[in-house]
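Sequence lines set the chain letters: A, B, ... in the order given, protein chains first and strands last, and positions in each chain run from 1.
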Amino acid sequence: MNQTQPERLYPFNEIEPKWQKAWEKEKLFQVDADDPRPKYYCLVMFPYPSAALHVGHGRNYIIGDAVSRYKIMRGFNVLSPMGFDAFGLPAENAALKTNIHPKTSTLANIDRMKIQLHQWGIGYDWARQVTSCLPDYYKWTQWIFLKLYEKGLAYKKMGTVNWCSSCQTVLANEQVVDGACERCDTVVATKELEQWFFKITAYADRLLQDLELLNNWPERVKTMQANWIGKSEGVEIEFPVVDENYKLRCFTTRVDTIFGATYMVLAPEHPKVAELIAKVPGRKKIEEFIQKVRGEDRIERTAENVEKEGAFLERYAVNPMTNEKIPIWIANYVLPEYGTGCVMAVPTHDQRDFMFAKKYHLPLRVVIDNPKESLDAKTMKEAYEGEGVMVNSGAFTGKSSEKAWDLIADFMERGNIGSRSVNFRLRDWLISRQRYWGAPIPIIYCKACGTVPVPEKDLPVILPEDVKFRPTGVSPLKDNENFENVSCPKCARPAKREVDTMDTFVDSSWYYLRYLSPKDDKQPFDSKIVNRWLPVDQYIGGVEHAILHLLYSRFITKVLSDLKWVNFSEPFARLFTQGMIIKDGAKMSKSKGNVVSPDALIGKFGADTVRLYTLFIGPPEKDAEWNDRGVEGSYRFLGRLWRFVTQVGDWKISGEGSVSSKELRRQTHEIIKKVTDDLEGDFHFNTAVSSIMELVNSCYQFEAKTPEDKSILREAAEILVLLSAPFVPHIAEELWQGLGHKKSVFRESWPTYDSAALSRDEIEIVIQVLGRVRARMTVPANISEEDLKKKVLEDKKVQEWLDGKTVKKAIVVPKKLVNLVV
RNA sequence: GCCGGAGUGGCGGAACUGGCAGACGCAUGGGACUUAAAAUCCCAAGGGAAUAUAAUUCCCGUACCGGUUCAAUUCCGGUCUCCGGCACCA
């Protein structure tokens with residue numbers, strides 16, 4: 001135990017609890033609906049209540065709190081709520097080990113986290129807390145499901161779905177990362193199952209389009225969403241099958257290459273394959289190949305350098321533009337779920353087709369010539385995928401491929417050969433889960449009436465507590481006969497409930513609306529109030545939600561907007577994604593043993609130190625390495641601030657300062673501007689904090705000789721306290737009181753700078769000769785350009801550098817520099 | 001491969017609209033206080049070179065190569081590396 005307790009530089013352990021209580025008493029963060037001030041909705045992504053919080057989590061809340069407190073001082077009516085995304089697998093998995101019910105452990109974790117948030121000095125309107133695992137909340141999650149169901153946007157279908165064998169449940173596409181479960185890293189298998197989906201694809205185009213409205217979202221998040229939605233425009237072309245009376249449809253983005261389509265490839269899973277090979281001699285071999293491909297899991301199938309393999313179906317189709325008979329193949333590189341599961345192959349102008357054609361000796365024909373170097377199908381080593389001049393393309397020969405694209409598409413549409421079509425990568429959102437700790441899906445199956453939604457008046461469908469929740473691949477709710485067996489709401493005959501629960505991302509896709517009327521038991525939210533407060537002015541959270549939560553929330557908002565429940569179509573006007581805090585080069589986690597707990601640090605240095613360091617660590621949007629010595633530096637600074645402000649506590653503000661103090665006053669006002677700009681801009685708290693530090697350093701350097709000087713220092717002290725209040729609220733309150741103020745510092749208005757104070761009498765001019773700094777001189781600020789030039793040329797050092805050469809040109813940047821060209 | 005972002009001291013990082021590169025902090029070195037240490041406070045500091053230890057002065061330096069400009073971390077062209085997303089998507 002040779003860890004030394006640092007000297008107590010100021011009584012943080014006394015003042016912090018004191019002010020936390022005071023804010024509560026004063027209801028600093030409670031929003032009054034009738035407040036006339038302009039609204040500001042500052043929202044931090046609500047957390048999953050796992051174990052205790054670490055300093056990495058803290059960054060999120062500290063940033064949000066700094067923004068809220070700043071906006072309060074700017075005169076806004078700030079709504080800063082907090083809740084808990086409380087359903088989910090971790091609690092359920094823990095329960096399997098510890099035998100503690102998920103509800104018990106979740107609620108206990110919530111209590112623990114609230115204490116931690118409190119100790120950090122984070123202010124929320126706790127009267128608005130939402131907890132997604134409680135019936136008064138999930139009742140309305142179920143209501144949202146019903147609304148989507150009514151609109152045809154929630155549906156059940158049989159399909160190939162992602163299955164995690166460890167979590168024993170299906171997963172949404174968004175929850176599969178590199179072919180593995182995002183939660184437990186188990187390689188995801190595919191299964192044919194009947195599952196519930198939300199039809200997010202119906203909104204694909206709008207979700208993509210409206211990204212353009214989100215000017216205050218980080219570019220990378222918008223890019224990620226755009227990539228995920230994955231729009232591509234092309235043409236769907238019909239290829240007649242030889243000896244059959246049906247056609248196969250191919251989707252292509254390169255309709256300009258149609259004359260080079262020398263064969264066709266189907267996914268092995270394509271529904272027509274069985275029919276096509278029913279009578280061919282080599283049927284057995286083809287079936288074996290299909291079995292082989294089907295047996296591969298997602299990773300094997302989509303891995304980067306998988307050898308392209310295929311089989312000839314011994315059948316032919318007709319290229320509708322050349323009227324040639326072309327062979328039909330199946331191959332592992334054609335995916336059943338994208339486009340039509342059937343592609344036209346143009347080996348000369350598509351690298352995959354090229355490799356496949358070379359392997360199986362399929363014909364190649366150049367139809368777009370490379371303008372730089374003429375192509376020859378016999379000698380080319382790889383496909384040419386660029387633009388060029390059309391060749392071997394019937395009536396389109398000689399045209400540029402860009403132009404031919406539209407001409408061919410038009411021609412096909414006129415002749416009913418094909419039609420323009422758009423494909424998205426985005427798939428519908430699979431929302432059912434075979435697990436216990438989630439909101440039950442409000443559906444009843446009746447033998448007579450079919451699928452019957454639970455009537456709104458019967459909501460919520462309560463999640464029963466007495467359930468043995470072993471994951472078995474079937475929802476644990478099936479265990480509870482009282483839950484499953486019900487009477488049909490339509491015909492009253494015995495019926496069965498849906499036993500699956502909803503993906504927790506459904507819970508979190510609408511919580512930001514519930515904060516506005518968290519206790520309303522008549523409706524999920526009050527449209528009038530929501531329309532007044534939304535969109536959220538500032539949303540703050542981790543970039544890991546760039547696709548999942550943010551895409552789902554945008555989708556649900558658009559649905560609610562179409563249903564006229566809300567009058568806006570994007571929920572979050574501004575988004576800020578903070579970087580992760582790293583320790584020893586890795587993300588903090590219990591298993592790595594690199595978790596930094598705030599509790600000990602708060603005990604040793606106080607919450608303000610932890611807050612200040614967290615904000616000072618680096619640009620908040622970037623990842624940052626936690627450094628314990630850096631924390632001490634922040635603590636030292638607060639000690640310096642404390643010492644300085646308490647020292648000038650009984651000095652008075654009076655009159656003008658002496659000449660020497662003018663510079664300090666100027667700096668003070670410059671820093672008001674700097675901190676304000678940082679807070680209004682990109683939340684660069686690190687530079688805001690550093691300029692506050694600079695001002696403190698200057699104050700220490702300044703020697704106050706006269707009462708006027710003292711008055712300038714006193715003004716600087718007041719401003720320092722006001723400017724640092726959003727970052728280090730406890731010490732700021734205490735110092736503010738020490739300066740003789742009765743009101744909370746957060747009831748004061750944010751300081752504004754006096755532009756007169758920013759002006760200087762004298763300025764330092766940098767003198768360059770040929771762009772290199774050679775001298776500097778101090779001149780009156782209002783000096784004319786002519787006088788300045790004259791003075792510069794008279795300077796001894798300058799003359800040495802000029803060395804008798806003539807000055808061709810003198811560039812004068814007002815108030816900054818003079819550059820002499822010789 | 002496509003899309004987005006980044007590359008600056010020993011480290012985290014700063015630099016408005018092209019105008020003194022390295023603010024602020026950490027680590028480091030020196031000093032004060034102390035019997036001593038820790039803590040605290042004060043001072044120094046990109047690298048290199050010259051002079052006499054100094055004051056001082058010069059040169060080199062923002063991933064690399066080139067360009068525009070009186071002047072480039074900033075603008076333009078090219079190259080490399082790293083991070084993130086998508087990817088056998090037709």
Open item on the list: In dot-bracket form, 5' to 3', how is RNA chain B paired? Count Watson-Crick and G-U wobble pairs only if both distances fall under 3.5 Å, and write | where the partner sits on another strand.
Closed with: (((((((..(((......[....))).(((((.......))))).(((((.....)))))..(((((..]....))))))))))))....
Open item on the list: If you compare every side-chain N and O of A/R254 against the phosphate oxygens of B/A90 (OP1, OP2), does one of them come in below 4.0 Å?
Closed with: no
Task: Minimum-distance nucleotide to A/E219 side chain [options: B/A23, B/G5, B/C16] - done: B/G5
Task: Protein-nucleotide distance (A/D256, atom CG; B/A90, atom P), rounded to Å - done: 13 Å
Task: B/A21 and B/C26, which share atom name P, separated by this distance in whole Å - done: 26 Å
Task: A/N697, nearest nucleotide to its side chain (from B/C24, B/G4, B/C59) - done: B/C24
Open item on the list: Whether the A/R425 and A/N227 side chains hold a donor-acceptor pair (N or O, under 3.5 Å, no angle test) is what I'd like checked.
Closed with: no
Task: Distance between P atoms of B/G1 and B/C11 (Å, rounded) - done: 31 Å
Open item on the list: With no hydrogens and no angle check, just 3.5 Å: does a side-chain donor-acceptor pair link A/D428 and A/T201?
Closed with: yes
- [ ] Could you tell me whether the side chain of A/F605 reaches within less than 4.5 Å of the side chain of A/S634, counting heavy atoms only?
- [x] no
Task: Charged tip of A/R254 within 45° of A/W405 ring normal and under 6.0 Å - done: no
TODO: Check every atom of B/C43, B/G19, B/C86 against the side chain of A/Q701 and return the nucleotide holding the closest atom.
DONE: B/C43
Open item on the list: Does this structure show an ion pair linking A/E670 with A/R666, if we count only N-O contacts that are shorter than 4.0 Å?
Closed with: yes
- [ ] Write down the distance separating the C1' atoms in B/A71 and B/U81, rounded off to the nearest Å.
- [x] 29 Å
TODO: Ignoring backbone atoms, test whether A/R352 places a side-chain nitrogen or oxygen under 4.0 Å from the OP1 or OP2 oxygen of B/C89.
DONE: yes
- [ ] Could you tell me whether the phosphate oxygens of B/A90, OP1 or OP2, come under 4.0 Å of any side-chain nitrogen or oxygen in A/Y338?
- [x] yes
Task: Separation of A/D205 CG from A/I229 CD1 (nearest 0.5 Å) - done: 9.0 Å
Task: Value in whole Å for how far the C1' atom of B/A15 lies from CG of A/D678 - done: 12 Å
- [ ] Choose from B/A90, B/A14, B/C24 the nucleotide whose nearest atom is closest to any side-chain atom of A/T253.
- [x] B/A90
Task: Gap between atoms CD1 and C1', on A/I237 and B/A90 respectively (whole Å) - done: 11 Å
Open item on the list: Side-chain N or O of A/R629 versus OP1/OP2 of B/A27: is the shortest distance under 4.0 Å?
Closed with: yes
TODO: Taking syn as within 90° of 0 and anti otherwise, name the glycosidic form of B/G9.
DONE: syn
Task: Nucleotide of B/A21, B/G85, B/A23 approaching A/E694 most closely (side-chain heavy atoms) - done: B/A23
Open item on the list: Could you check whether atom OH of A/Y338 has more than 12 heavy atoms from other residues, nucleotides or ligands sitting under 6.0 Å from it?
Closed with: yes
Just distance, no hydrogens or angles: give the donor-acceptor pairs under 3.5 Å from side chains in residues 352-359 of chain A, sequence neighbours left out.
| residue | atom | partner | partner atom | Å |
| --- | --- | --- | --- | --- |
| A/R352 | NE | A/D350 | OD1 | 3.2 |
| A/R352 | NH2 | A/D350 | OD2 | 2.6 |
| A/D353 | OD1 | A/Y333 | OH | 2.8 |
| A/D353 | OD2 | A/V346 | N | 2.9 |
| A/K359 | NZ | A/E307 | OE2 | 2.9 |
| A/K359 | NZ | A/K308 | O | 3.1 |

Open item on the list: Give me the atom names and distance for the closest heavy-atom approach of A/I258 to A/N319.
Closed with: O-ND2, 3.0 Å
Task: Euclidean distance for C1', B/U68 against B/G18 (whole angstrom) - done: 12 Å
Open item on the list: Nearest to the side chain of A/N227, heavy atoms from C-beta on, is which of B/C43, B/A14, B/C86?
Closed with: B/C86
- [ ] Taking atom C1' in both B/U74 and B/C16, compute the distance separating them and give it to the nearest angstrom.
- [x] 11 Å
TODO: Could you state the atom-to-atom distance from CG of A/L211 to P of B/G4 in whole Å?
DONE: 14 Å
Task: Test salt bridge (charged side-chain N to carboxylate O under 4.0 Å, His left out) applied to A/R59 and A/D623, step by step - done: CA-CA 11 Å; A/R59 197 179 202 187; A/D623 290 352; 5.6 Å; no
- [ ] Among the candidates B/C3, B/U40, B/C86, find the nucleotide nearest to the side-chain atoms of A/I547.
- [x] B/C86
Task: Closest non-hydrogen atom pair, A/F644 against A/L720 - done: CE2-CD1, 3.7 Å
Task: Sugar-phosphate only, base, or nothing, as touched by A/G633 at under 4.0 Å among non-hydrogen atoms - done: sugar-phosphate
TODO: Just compare B/G13, B/A15, B/C26 and give me whichever is closest to any side-chain atom of A/K674.
DONE: B/A15
Got a list of protein N/O to nucleotides 70-74 of chain B N/O distances below 3.5 Å?
| residue | atom | partner | partner atom | Å |
| --- | --- | --- | --- | --- |
| B/C70 | O2' | A/N819 | ND2 | 3.3 |
| B/C70 | O2 | A/N819 | ND2 | 2.3 |

- [ ] Determine the minimum heavy-atom distance between A/N594 and A/K583, stating which atoms define it.
- [x] ND2-O, 3.0 Å
Open item on the list: Rounding to an integer number of Å, can you tell me how far A/E632 CD sits from B/C24 P?
Closed with: 20 Å
Task: Closest-nucleotide 5' rank along RNA chain B - winner of A/M224 and A/D353 - done: A/M224
TODO: May I ask you to verify if any side-chain N or O of A/R8 is less than 4.0 angstrom from the OP1 or OP2 atom of B/U40?
DONE: no
- [ ] Round to a whole Å and report the spacing from CD of A/E337 to P of B/A90.
- [x] 13 Å
Open item on the list: If you compare every side-chain N and O of A/R640 against the phosphate oxygens of B/C42 (OP1, OP2), does one of them come in below 4.0 Å?
Closed with: yes
Task: A/P619 side-chain proximity, nearest of B/C89, B/A14, B/G4 - done: B/A14
Task: Nucleotide of B/G85, B/A14, B/C89 approaching A/L335 most closely (side-chain heavy atoms) - done: B/C89
Open item on the list: Under 4.0 Å, counting only non-hydrogen atoms across every strand here, what does A/R643 touch: a base, just sugar-phosphate, or nothing?
Closed with: sugar-phosphate
- [ ] Using a 4.0 Å heavy-atom cut-off across all strands, classify A/I617 as base, sugar-phosphate, or nothing.
- [x] sugar-phosphate
Task: Check: A/W429 ring centroid to A/F505 ring centroid under 6.0 Å - done: no
TODO: Whole angstrom is fine here: how far is it from CG in A/L551 over to P in B/C86?
DONE: 12 Å
- [ ] Sticking with atom P, work out how far B/C76 lies from B/U69, rounded to a whole angstrom.
- [x] 16 Å
Open item on the list: Please report the distance, rounded to the nearest Å, between CG in A/N423 and C1' in B/C86.
Closed with: 16 Å
Task: Atom C1', compared across B/C80 and B/C65: separation rounded to whole Å - done: 10 Å
Open item on the list: By nearest heavy atom, map A/R220 and A/S232 onto RNA chain B; which one lands nearer the 5' end?
Closed with: A/R220
Task: B/C64 versus B/G7 - spacing of their C1' atoms, nearest Å - done: 11 Å
Task: N/O (side chain, A/N686) to phosphate O (OP1/OP2, B/C24) under 4.0 Å - done: no
